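This report refers to the structure that appears directly beneath it.
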Amino acid sequence: MTKQRYLLPLLASLFIEASAQVPSVIDIDLASHGDKVYPTMYGAFFEEISHAGDGGLYAEMIQNRGFEEGVIPSGCTLENDEVWAPKKPCYTTDKVNNWHIRWNAERKAMQAWTVEAEMGRADYEITTDKPLNDATPHALRLKLNNEQGLVTVKNSGYWGIGTKAGESYDLRFFTNAEKPVNVKAQLIDEQGTISKSIYMKCTPMNSWEEHKVVIRADRTSGKAQLAITFEGEGNVLLDYVSLFPQHTYNNRPNGLRADIAQYLIDMHPSFLRWPGGCILEGINMENAVDWKKTLGDPVQRPGEYDLWGYRNTYGFGYHEFLQFCEDAKIDPMYVCNAGMSCLFRGGDYVEGEELQEMIQDCLNAIEYAIGDQSTYWGHQRALNGHPEPFPLRYVEIGNENVGPRYAEHYKLFRDAIRKKYPQLEIICALMFHPETPDCGDMDLFDPHYYENADWFYRAAYIFDNIPSQYTSNIYIGEYAAGGANMYAALAEAAFLTGCERNGERVRMTSFAPLFQNIHNGTRHLICYDNSQVFGRSNYHVVKMLNENRPDYNLTTKIKREPSVLCGNMMDGKVGLATYGNDVEFRDFKLEYVFGDVKTSENPATDTANWTTEMDGNNRFYWFKHEGNVAYDISFRMKKNSGKEACRVIFGGADIKNFYMADIGSHQNESTIFGERTDGDYTNFFTYRNVESIEQGRWYNVRVKVGMSNWQIYLDDRLVEDYRYDFALERHYAVSGMDETTGEVIVKLVNGENSPWPVKLNLNGTKAKVFAAHRTTLASDSPKAENSIDNPELIIPKEDDIEISESPITLPANSFTILRIQR
Ligand code: AHR
C-alpha cells in the first residue's frame, strides 16, 4: 500500500531489490514425518447457483420446460410486484428481516419461450385451468384459428440449445387439445432447419396426451432452438416440454451432460456436497430444498424458486446426485436443513414438534441413501431403480449457520443421526464461532472463506496455530478468492499449501461455487456454455493438487532473510465512514501514544474539526487532526439503519486508500480490520469473529492502532486483536512423501509477477542430483484467466528436469509441482 510509511524504508527497499536476484533456499527434511494428507482433502461443492444444474450439469436442454418460472417462492407472498418472505423472526436476532425482491410474474412465466403465428399475432396465455399434474400446474394455452395460420412455439434453451451433428435427442411433451391438431417438431437455428421435421397428431380431445419422439440433429450449432408448430383450430394446451441428449454421462436417463460430468471427474474430487449452499436453507423454511420432491419422474417434480434468481427444476435431484457419485466413485455428502432458513434472507426457523419432523426428514433422507429395501425409504430407492444402498458417507447439518439456536438444533440432529447411523461422518455448519466448541461431538466443522486474494496469501499459515478450543477436524466447505484470475488462483494455491501442511486437522476442502454457465456468474471453477466446458486457472490448481497428494508432509522451510522492517507508523488521515446508512457519533477522541489528545463532540455537526466527503452512498468524515505513529481512536456510536455499522479510518491518504476497523463487516457478522488500496478492499483476520452491531443501541468503540498490533474494543470488551504484518508474502512451498512411488512431492507457489529462483536442499540423503517430473501452471499476467474464447490460456504443462545444487527458476505467476525421484 503506497500511503504507508515504514521505519527504515530505505534499508527495506535495498533488501527487497537485492533479494529479487538471490535464490530462496528451501530445506526439505526427508527424515521428517509431518501431518498426514488424507485422500479426502480435495472435494467438490454442488449448489444450484449460476445454472450449475439447470443449464449446466443436468442435461435438460429446454429452459422453463413446465412454464412454472413465474411461480413465486413457496411460503412467500406477492405484494405490488414484490415477493416478500413471511414476516417471521430470524433465528439469530429474533427480529423480522423484511426480506423481499422485485417480481415480474408475466415476464418470468414465458422465460425462454416465444410464440409466433404465420399471419398476424399469435393468441396465447399461461393458464392453470387444466393442470397436467400438481407439480406443473401452469401450461401454455394456444388459441388456434384460421387467421393465424400455423403457430410455432419456440424455446431457446439456456442461451441457445447446443446440438451436435449426428446426435439424437429425446423430445417429450404433453398436449391437451379441444380438436384434432397437427404438430411438427424440429430444431432450427439462425440459418434455418437443422434437423428433420417430426410430425405428430394431437388426437384425444380435452385430455392430456404424452408425445415422445427422437430428433436427430443434422448440424452442430450453439444457437439452436426447439420449434413446435401447430396446425388446426381451437384451444391447445402445451406443457412439460423436455429435450434430452440420448448420450448422457454413463447414459443414464434424466442424466447429466457427459462433457461437464467428465470435466468434474477429471479433477478427481474425493467427495461431492449436495444440495448446497444457501438454497438448502431457503429464503424461508418452505422454500428450502426438499429432497423428497426431487425424486421420481421429472414431470412429477415441482421444482422451487431458487434464491439465486431462477427456478430450480429439481431435475438433478437427490437420486441423480447419489447415482452420479456412485458412478464416478465420489463419496456423497448430503446436507440437510437444520430447521432454520438463510439468515441473509427470511431467516425463519422451526421448533418443538416441527423441528422433530425436520430431524426425522433428515433421517429419512439418509434411509433413502443407505437403508436396505425393507425400510420405507430404502424401498422407494429400489422403486426408483437402485435396490442396493448408495455409498453415502457424510451428512452436514445446515449451512453457514451461526449462533446458539443453531448449536441447539445441531445437537438434536447429531444425536438422532449418531444413534441410527453411527457409521456416518457428521459435519457441523458452524465456522470458528464461539458456539463451535460448545457443540461437542462432531467429526468436522465447516469454515467458509470468501475473501480477496491477499487475504488468502496471508492465511496460508492460519492453520499452523488453530486456537486450542477448536479440537475437531476442519472441512473448508467453501472458499474462493475474489478476482477470478491467476493472481487469485495462486492465492488459493498458497492457502491450500497451508491446508496440506496441516492435513491432520484440515481434512477436506471444496471450492465454491463449482459450476457456472458463462451467461450467469463470475468466478466459478468449471465454466461452460451449451457446447463447451473449460476450467478456470483454479480448477487446474485443485486438479494438480489432487493428482499430487502426498501421504504425509515433510518439514519444509523457505529460508528467508531476517526482516529488517521493524514496524510501521500509521501516520495519515483519521476518520469515520458509513455505508450509506444512518449512524450517530458522539464523543470522538484521538489519543496519541505520546500523550496529546484531540476531541470532538459530534462529527456530523462539528464542522470546525471535520470535513465530509461522499464515495457513492458512503459518507466519509475526515478528522482535522491526523494520526501519528501509534494512537487510540475512541467514540460512541449508534446505528439507526443498515446492516453494517461503520468504518473507523486510520493511516488514510484519501477515500480510496486507508486502513480501517470495519464495525459490522460481512453484512454485520463480524468486526475486523481491513484496508482499501486504490479502491479495492482487503479484510484482515485470521479467524473471523462473530461481532455484530445491534440497531438503536449506543456502543463505546475504541480502536487501538499500534505499530504492528491493532485492537478493537466494543464497550471495553476486546473483540479483535490483529497482528499487522505489512509485508505480503507471495512465495510458498510445501512438500510431502508419496509412499507408493517413493517420490518427494514439492509444491511451489510464486504469486509474484517476476521469476522466483529456488534452490532445493533435500536433507537426509547423500545424492546430489535427482530426476524430477515437473508440472507448471503459469501465466504471463497475474490478471489473465481462461475464457470461453481462450479456454486453454492457462493450463498445466509437463516436463522432466534435473534437480541439482543449481537453483531452478520458477516462472512469474506460477504454481509448480515437482515429483522428485530419490
Ligand atoms: O457459494 C455461494 C454461497 O455462498 C453459498 O450458497 C453459501 O453457503 C455461501 O454464502
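Values below: every heavy atom of this structure, side chains too, minus hydrogens, waters and symmetry copies. Just so we're clear, the structure is a prediction, and the values are computed from it rather than from any experiment. In each ligand, atom 1 is the first atom listed, and ligand 1 is the first ligand listed.
Tyr305 and Tyr310 have their aromatic ring centers separated by at least 6.0 angstrom. When ring centroids are compared, Tyr479 and His448 stay outside the 6.0 Å threshold.
Glu478 is linked by a salt bridge (charged side-chain N to carboxylate O under 4.0 Å, His left out) to Arg273, counting only residues two or more places apart in sequence or in another chain.
Ligand 1 has a nitrogen or oxygen under 3.5 angstrom from a nitrogen or oxygen of Cys278.
Ligand 1 is approached by Pro513 to a heavy-atom distance shorter than 4.0 Å. Taking a 4.0 Å cut-off on heavy atoms, Tyr450 registers as neighbouring ligand 1.
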Residues Glu304, Asn312; criterion side chain to side chain donor-acceptor pair (under 3.5 Å); working and verdict: CA-CA 5 Å; Glu304 180 57 75; Asn312 180 348; over 6 Å; no
Test Trp159 against His51 for ring pair (Phe, Tyr, Trp, His ring centres under 6.0 Å), laying out the working first. CA-CA 11 Å; Trp159 300 277; His51 292 276; 4.9 Å; yes
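When all heavy atoms are compared, the tightest approach of Val749 to Phe815 is CG2-CD1, 3.7 Å.
Atoms of ligand 1 found under 4.0 Å from any heavy atom of Gly277, numbered from 1 in the order shown, are 5 (C), 6 (O), 8 (O). The atoms of ligand 1 that sit less than 4.0 Å from any heavy atom of Glu400 are 7 (C), 8 (O), 9 (C), 10 (O). Per-residue contacts place Glu478 under 4.0 angstrom from the following atoms of ligand 1 (heavy atoms of the residue considered): 1 (O), 3 (C), 4 (O), 5 (C), 7 (C), 8 (O), 9 (C). Interface atoms of ligand 1 facing Asn399, defined by a heavy-atom separation under 4.0 Å, are 7 (C), 8 (O).
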Scan the side chains in residues 427-436 for donor-acceptor partners under 3.5 Å anywhere in the protein, sequence neighbours excluded, and list what turns up.
from, atom 1, to, atom 2, distance (Å)
Thr436, OG1, Met431, O, 2.6
Thr436, OG1, His433, N, 3.1
Thr436, OG1, His433, O, 3.0

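Here Trp308 has side-chain heavy atoms under 4.0 Å from ligand 1, and that is the only part of it that gets that close.
At the top of the distance list for atom 6 (O) of ligand 1, counting protein heavy atoms only, stands Glu47 OE1, 2.6 Å.
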